[in-house]
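Excluded from the calculations below are hydrogen atoms, water molecules and symmetry mates; all remaining heavy atoms, backbone and side chain alike, are included. Note on naming: letters A, B, ... go to the chains in the order of the sequence lines (proteins, then strands), and numbering restarts at 1 for each one.
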2 protein chains.
Amino acid sequence: MTHEARRMTRKSDQTRRRILDAAAATLANRGYAETSIKAIADAVDMKDGSLYYHFESKDALVLEVLRLGTTLAEAAVAEALNGLGDDPDPMEALRTAIVAHASAVLGMGDYPRANVRNFGQLPAAIANAHMVHQQRYGDLWRGLLRAAAASGHLRPDVDAGAMRLLILGALNWAPEWYRPDGGLDPDRIGEQMAAMVLDGLRSARHEGR
Amino acid sequence: MTHEARRMTRKSDQTRRRILDAAAATLANRGYAETSIKAIADAVDMKDGSLYYHFESKDALVLEVLRLGTTLAEAAVAEALNGLGDDPDPMEALRTAIVAHASAVLGMGDYPRANVRNFGQLPAAIANAHMVHQQRYGDLWRGLLRAAAASGHLRPDVDAGAMRLLILGALNWAPEWYRPDGGLDPDRIGEQMAAMVLDGLRSARHEGR
DNA sequence: GCCGGTTTCTAGTAGAGACTAGAAAGCATT
DNA sequence: AATGCTTTCTAGTCTCTACTAGAAACCGGC
């Protein structure tokens, strides 16, 4: 590759990123059905045909947005867990992961939001191709709950698998109703969720399980 | 209306219902984007043009499916709450509503599932028209949580609005992962959710809020 | 100012989707 | 079997979509 080629490539990478950003925004705000190549091209001031220089198909573009979204969320949660040091309290780890995931889907911009909003609305081809990434993130959560259960911190009468899916469901649904302007910020949502999940809604003075 | 007209109308109503059923199934299983008039027509063994004798547009058809879904879920929850008699314990009411809602979205067939699956993926026009029904159902839940909070059964440090949205989010997301064949049935999912929401995941022997 | 490689545009194709007008078919009543 | 109403079909229109081939523009180095 020549000097020019290398510099050009850098510029091409920037354009590529702008396209991805626009696609993520449209996917997050309007959903897959309304995300047309033309809409994305308009957002980056291009003709729709030109996008095919950067991506070989719409599916490839969407898939990369989703992959980046999962990667971002996973990295955020993993980093938050790392901050707890070695061998943390399992319930504290769970709380941390809940807050970090809430922050990711509500406060980290379009990529994670595009991810959760379009989960399940995608054509089978895209959904299947993306499942492998989602799977790895799921494993992280499976590990958290398994650790909590194994150490006896988890109530014995609950199903860890169902808990994982219900918790992530509540958080993944949150972008549907969350509005950044009013009331609670993403971290507070996560803390509220963690409070409910870990200790329940029942007030101490009426306690009596 | 003549005799013939009345009998014919009954038959037309049956066809109308078959179309609605097919639309609900497609919406629930494949989502709005992949729900074409042609796909619905195929499912009821008709040509696509013929559907327009029964519904004036795709939007009108979709909207009616969503309306029926909300109505069904709301009726199921309301009935379950009625079964508790007058002046029930607020936390017991909450538990009952959670189980009933889970049963509705997971076990009552295509209409409620079509509803929650497509929530948020709909074109703005449909979403706005449907909001009024969703709103009324939301009010039912707002009432449940307000009653619990007012009587002191709810922890004072949680936001009732956020709780409502997180709880419904977890349940509405469940159709994305729930598979009827394996493991827990819809009621059990609801009970698991209620257990977590009301009393938390923490085991008694590690308790220490 | 020309060259080579990179990027974008022009101008299409082909297919699918929602929707429509008018013909045709059903069918109960007479 | 003729009538009148209801229901379905035929055969299209029009718009939007993803995608493509080849021309044009750009741009740094000579």
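Between the C1' atom of C:dT7 and the OH atom of A:Y53 lies a distance of 6 Å, rounded to the nearest Å. As rounded to whole Å, 14 Å separates atom C1' of C:dT6 from atom CD of A:Q14. D:dA18 atom P lies 15 Å from atom CZ of A:F55, rounded to whole Å. A:R30 has its CZ atom 14 Å from the P atom of D:dC16, to the nearest Å.
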Using a 4.0 Å heavy-atom cut-off to protein, can you give one letter per nucleotide of nucleotides 9-21 of chain C, 5' to 3': B if the base is in contact, S if only the sugar-phosphate is, - if neither?
BB------SSBB-
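Residues passing the side-chain hydrogen bond (donor to acceptor under 3.5 Å, both in side chains) test with B:D185: none are found, sequence neighbours excluded.
When each of A:D110, A:V62, A:L68 is tested with A:L20 by the rule side-chain contact (heavy atoms from CB on, under 4.5 Å), just one qualifies, namely A:L68.
Around CG of B:D181, the count of heavy atoms belonging to other residues, nucleotides or ligands within 6.0 Å exceeds 12.
Annotation: side chain of A:L61 is not in contact with side chain of A:E56 (no heavy-atom distance under 4.5 Å).
A cation-pi arrangement is present between B:K58 and B:Y32, with the terminal nitrogen or guanidinium carbon under 6.0 Å from the aromatic centre and inside a 45° cone about the axis.
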When you look at A:R17 and A:D13, which way does the salt bridge (charged side-chain N to carboxylate O under 4.0 Å, His left out) test go after all the steps?
CA-CA 6 Å; A:R17 169 56 70 153; A:D13 280 352; over 6 Å; no
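Between A:H54 and C:dT6 there is no side-chain polar atom (N or O) within less than 4.0 angstrom of OP1 or OP2.
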